[in-house]
Structure formats: structure tokens, C-alpha cells
Amino acid sequence: MDRPIREIYSGWKRIYDSVGREPPGGSLALSDTDEFTLADSYTLADDLTFERSNPDSVWRCFAMARENARQMRNSISADMWTSLNLAYLRIQDLGIQDIWRAPESFYVETLSEINTFTGVAAFTMYRDDGWHFLQLGRSMERSQLLTSLLLAQMVAEATSGERVEDDWATLLRAYHATETYNRKHSVEVIADQVLDLLVSDSMLPRSLRRSIDQMTAELRGLKPGPDPASNAAVRRAEIRLNNLVNPDSPTQGNRGALLRRVNERCRELHQLLAASHFDYHLEKQSAG
Amino acid sequence: MFIWTCISPWTYTSAVHFDSYELDPSIYDEMFLADGTIREHCSRLYDELTRLSAEETRSIQERVARSFRNEGITFTVYGDEEADERIIPIDCVPRLMPKSDWRHLEAGLTQRLKALNLFLEDVYSGSPGEDGHGAPRIIHDGVIPVDVVRGCPQYRLEMQGFSAPYGTWVAICGTDLVRTNEGFQVLEDNLRVPSGVSYMIANRKAVKSNLRRLYRGSRVEEVEHYGRVLLETLKELAPMGCQDPTIVLLTPGVFNSAFYEHMFLASEIGAELVEGRDLLVNDGFVYMRNTTGLQRVDVIYRRVDDDFIDPLVFRPDSLLGVPGLMQAYKQGNVSLVNAPGTGVADDKSVYAYVPDMVRYYLSEEPILNNVDTRLCRRPEDLEYTLDNLQDLVVKRVGGSGGYGMLIGPHSSPEEREDYAKEMRADPADFISQPVLALSRSPCFIDGEFEPRHVDLRPFILHGQSTRIVPGAFCRIALRRGSLVVNSSQGGGGKDFWVMDE
């Protein structure tokens, strides 16, 4: 595929910025020679896909998901375990050299496995607190990933001083929002409109607003923890988070600051939930 | 004495797939009589195996192995560097046993566990005495020497004066049995936290679904209801007056090699799988912490060793246990299955006295024999063992998993010399047994049916009555000629069918 080197460079940079990781070699350097870029892509794809020590690599995410599921096997459905285990076994012994002739098919298949797992979970898992925590975790991680990606894009633009329409189009594609964007706006990709759609549209399945609505719904479905004060703290944090992205809140102001605050509120909510439902103080508990 | 020897094997030639199957008259074969005739209860299996093409059998074998991999039925071996998640090799050819043989085993295992529970109650429930006065009856009457019991590392002084609810110290027992031309013999009783039952069920599931026609056409006793039977047993042991007990399975955690089994069993009995940090003791009662608060626990099926179960009573550095658990147990507010202290009855020295226990407590002759065992603590046994090292198996009293033992015929003169030095230094730490001609069963190996040595671990459950699911974990020594069936040392497993007649 003939793509400008600068575009390839910024694509990789955005990914690394969003996961907060240093690329192999310490930094991404722009080069004018295609050979260098191609060799670099191989290394970077390997780092993000198969590097065992990279906590954000595809391989490591599957391994960690499987290990977590192994520890919780009696709390999830057998089908969920089998689906995840088979996906892990497929990539367990793979390396970048095994997929590099047709990397797209590997990523498409991997995505399909993730979707299968999600579907199997939705169809088979008992709707108890375990389910609510699973959904909460997903919505929270989804919110944090989206805010990180958007922030990385905004920072990249601020640094280079130029807006790259293709980067925003890529974000739309990644969030299955291209068709919706085209219908709502136009085929012309405008950064502010993309931001609005990905952040505020409550009907877009992967929007930030939708993820936070989902979090709220799951929190309401969850049985309260044993300590009323901790439960109240969770409730307050949830309201604070909701207020950040609710339809009455302005989203036109400092978008970067807003996204950073959403990220912080997600972390805060996570900590408060852990305190209210897992690490609660026993002296506050009446045993019985 | 049964000495395993390699008497020039002859070849059974009448069947295509058994062309190179070697029979040795000195070794009991689970499928064939010594003259090569097929045992009656195996004829259908034999017909099926010889009907299948090599390709079909290979495919069945692969599917059975793959089902373990796909379902993640694993055990973990921890080395210096990192954990190694392994899958036990499973052979697709089931081992068959007629119901009449099984009934014999069932009676013998029931008798044995009854005697062992009486022994434990006798050993622990009396008040401690000196010079035999106030000592357990079996010691007082000279059936078993006091030092064999009290000197055993698994004897728990902390349990002295305690009487187990319903006299049930051991509720879950996994007894290792071997078969020779002389009949069944008990190799050891596992009375602490016996494992392997999940393999019994997983093997059945895998083999049943891949040999469907044979299974349907045979009258095989089911084993999949083991979880229900275990649950009934655990409920029977709930504290007095507790009608609907909350049961949990206490695991050392995900790093334990048998974690899969813990998870599996918890799921089978509908119990929560907990670690020590999930439990706490308050006012003598045990509670489980969950996301909505604390919940009272009545029965704990614990898979944590005695040493680690309560840091206030046993090892103070244990992070796996629950402080105060023993106090709650002794007050009768929670049941522990199995009771702490049962290891004294499966010690390799005490093992030698189990037939005497049966005679002493039950006034019956043992239905199942022990393997002839010499205790090197006795000077005459030590001398005999040292004189015949090349023909014997020598084990450490506290050893397990097949580690640290000497198999005389397979050892070098240097190894025997080193071992002899250790024996002379601490004779009480060793026992010796003859090398047994463990029975062999056909296994599908490298495209052929070949005989491999096998043993059997049935699981005996005892709450207020004894129940045995008609099945067992059958272990195989996969290496040709090897007698070591332990999974950590190259052993594998196969399904075991009790055939209803």
C-alpha cells in the first residue's frame, strides 16, 4: 500500500501514545526511505502483537484474559472459557514471522474471536454480580481507551500543527462509526464533528457517552456493598462522571481537559468500587 | 514376594492391531489371559478396536488428547524459572473391569476406610498418657508400636483429645491399588487431600464421546454423578442442627498444581471456591467475604495441607490458611473435610499396620492385601533390605509422587551405595517393598497397541455412610517397561470402566 511515510509514522505514534508505551528503540524516528519504514513496521507490529513483555500486546492481553478466566472458571460459563481458551491456543505459539505475509487476515480473525467471546458471554453468562462487574470493567476500559486515543490524536495534531483527515477517518473506522458519521454529517471528515460523535452521541454503540451510560446501568444492577458510606462514595463518583458527558454539559470548551477528567473519574470510580465491594474494612461489618 | 522380571515375552499374532502386543505370563494383563485368549468382559472392546482402522484409532486418540487441551484440563509444574502448564497424556483405550471384581474392591476399600477412621479416632480422641497409660487402645494392646504413631511427622499433637464428628476423620480417600497375578494389593492410602478425581470424570467424558458406539453398546457404570455423591457426603458432615449448610472449597490458590481440580469440584458441588484470605473467623464462626458482605460457612472441603490451614495453630508463616479456623472447628461450628491429622494414618510406616488395624478394630480378615512391606526401623528389616537392594523398591517414609525412591533393578551400583549410606544414617526414614509386576493394559502408542503398566485410584467417600462411585483414575506408566505412573514423572491416564454384568 502506498502511504506517505509521515502518515505511517503518525499512525504508529498515535497507537504508542495511547497505550503510553515507548516503542522498541526508545522513540519513533521519521525516515525518508521506504526500506527503513517497512523494517520498522515489522518490529512495531511484532511489539504490539506478540511481544510477551508488552502488557498491551495482543498476545499478552489474550494470555492475561485467559489466566484471569482460569482463576474464575467457576464464575463464568463453560462456553466462555472454551471460546477464550481456543483463541489463546491459536495464537499461543505464533510470532510475527508467521503472520507477516498476510497480517490483515490474522487481525481480522483475532477480532472475530473477540467478538465471538463477547457474544458467547452475552448469551451464556448468568446475570449476577459477576456479569455486572464484567460489563462495568468493559465499559470502563472502553471509555479509557477511547479517551486515550482521542487525546493522543489531539496531542499529535497540536505538535505537528496540521490536521490529518485520514487519522480521524481511521478513528471513525475503528469505532464502527463511518456510516453514521456520513449520514449525520457528510463524507468530509471534520475533526470537531468526529469528536462530537465519538464522545457525545448516546446512540453510537462505542461512544464515550454510551459507555458511561452502560456503566451507570451496571452500577444500578449491582447489589450494594456491605458499607453504606462506601456505596455512597461510589454513587457520588458515578454522578460526577455522568455530569462530564451528559447532554447539558458543554463539549465545545477545552476538549482535552474534559477527556483527561473522564479518564481520572474512571480511575476514581474503579478504586471506589474496589473499596466498597472487595477491600471493605471488616470492622465496619456486622458478621451474621 | 512378587518380583517383576522380563521373562522372554511372546507375541500375540491373531489380530491386526495387536500384532506386536507382547504378553508376559508373569504379568497380569487387563485384556488378555496368559494364553492369549481375550478376557470375556473385554471382548466387545477388542472387537471394536480391531474393527477400527489405524487411521480411525489415531483420530480418536487425537480427539481425546485435544479435548483436554481445548478444555484447559491442566496441571501446573513449577520450576525455577517459570510455571509450566501441562496436560496429562491420556490414552484412548479404556481399562475394563467386571462388576464382580469391582464389588470385591468396593468391599475391601469400605472395610479399610472404616478401620482407618477407627484408628484415627483411637489415636487422637483419648487423653494423652505416659508409658501406655491412657494411650490409644491399639498402642496399649501392642498392635502398633507407640513410636511408629507418635514419631510420625504427620501425627498432630494439636488434635490430641479431639473426637471427629460422627467419627469421620477421613471423608474423602483416594486409595492406590495395583493388580498382579496374585490379585489386588493396596499400594497406599491417600487420606489427606487426595487428587485425581477430576481426571476420572474428564477421561470418561472424553472417551465416551469419542468411542460412542462402544460405550452405548456396553453396560458401563456411570461416574459423572460423583459431584452429587460428594455433595451428599459433605452435607452429612455439617455441624449438628445445620439443615442447609453453606459449603466452600478451600484452595491454596491458582498456583497450586491441582487448581483445575479445585475449580472443577467446586463447580460440580455448587460451592464457592475460596482462598484463605476470603475467609475469616469471628466469635468462633467462619465467614466468607463476598461482594455484599459476610456469609456464614458450615462445611469446608479443604485442599490446603494441615501445615498451612491455620497460622495460629500450625505454621505461623502460612498465608494460605485462616487464623482461628481450628478453634471454630474444635467448637463444632464448622466442619473440615478431611480432618487435620489424618496424615498419620497414610504414613508409609503406619501403612504396614493397616491389615492389623482391620483385624483389631473390626475382627475381620482384610479383604485387600497390603504390599509386603519391610520397615527399616527394625534391624532385621534393615539388614534384609541392604542385602537385597538390587531387587527391592526402597521409599522414604515421607516421600510422595514417586520422588526420592530407589527402584533396585533399574539402579546402578553407585546409586545403591549412596542410598545404603542414607539408610544406615536414618533407618526409620525408609521402607522397602518388592518390585511388583503391576498389571498391564493395552495403550495406543505410536500407531500400535502396546501393553503398559497401570494402577488404579478409586475414591471412597464417607460421611455418615460409605459411598464409592464405580470408577477410578487409572494411571499408566507411558514409557515402555517403566513402573512409574506419576503424572509428574511421565505418567499418563486412561478411562476405567466397570462393566455391569
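The chains referred to below are lettered A, B, ... by the order of the sequence lines, with proteins before strands, and numbering in each begins at 1.
- The local environment of CD in A/Q97 is crowded, with over 12 non-hydrogen atoms from other residues, nucleotides or ligands closer than 6.0 Å.
- The two residues B/T291 and A/F133 come nearest to each other via the heavy atoms CG2-CE1, 3.9 Å.
- Nearest heavy-atom pair, B/G293 versus A/P226, reported as atom, atom and distance to 0.1 Å: CA-CB, 3.7 Å.
- Here the CZ-CG distance, from A/R73 to B/L273, works out to 12.0 Å after rounding to the nearest 0.5 Å.
- A 6.0 Å sphere centred on CG of A/L111 holds more than 12 heavy atoms belonging to other residues, nucleotides or ligands.
- Under a 3.5 Å cut-off, the side chain of B/R289 and the backbone N or O of A/F278 do form a donor-acceptor pair.
- For residues 258-269 of chain B, the interface with chain A (any heavy-atom pair closer than 4.5 Å) comprises B/F259, B/Y260, B/M263, B/A266, B/S267, sorted by residue number.
- Looking at A/D279, the atoms closer than 4.5 Å to chain B (heavy atoms on both sides) all sit in the backbone: N, CA, C or O.
- For the set A/R66, A/Q71, A/E67, the entry with the most heavy-atom pairs within less than 4.5 Å of chain B is A/Q71.
- Interface remark: A/Y88 contributes no atoms to any contact with chain B (heavy atom separation under 4.5 Å).
- In this structure, A/H270 places its NE2 atom where only 12 or fewer heavy-atom neighbours from other residues, nucleotides or ligands lie under 6.0 Å away.
- One finds the CG atom of B/N70 at 4.5 Å from the CG atom of A/L86 (value rounded to the nearest 0.5 Å).
- Using modelled atom types, one side-chain atom of A/N85 and one backbone atom of B/R69 make a donor-acceptor pair closer than 3.5 Å.
- Around atom NZ of B/K208, more than 12 heavy atoms belonging to other residues, nucleotides or ligands sit under 6.0 Å away.
- Residue A/R127 places its CZ atom among more than 12 non-hydrogen atoms of other residues, nucleotides or ligands, all under 6.0 Å distant.
- By the 6.0 Å contact criterion, CZ on B/R212 is open, its count of non-hydrogen atoms from other residues, nucleotides or ligands being 12 or less.
- Once rounded to the nearest 0.5 Å, the distance linking CG of B/N290 with CG of A/D129 reads 8.5 Å.
- With a 6.0 Å radius and a threshold of 12 heavy atoms from other residues, nucleotides or ligands, A/M125 has its CE atom above the threshold.
- Crowding of B/E232 atom CD: a count of heavy atoms from other residues, nucleotides or ligands under 6.0 Å exceeding 12.
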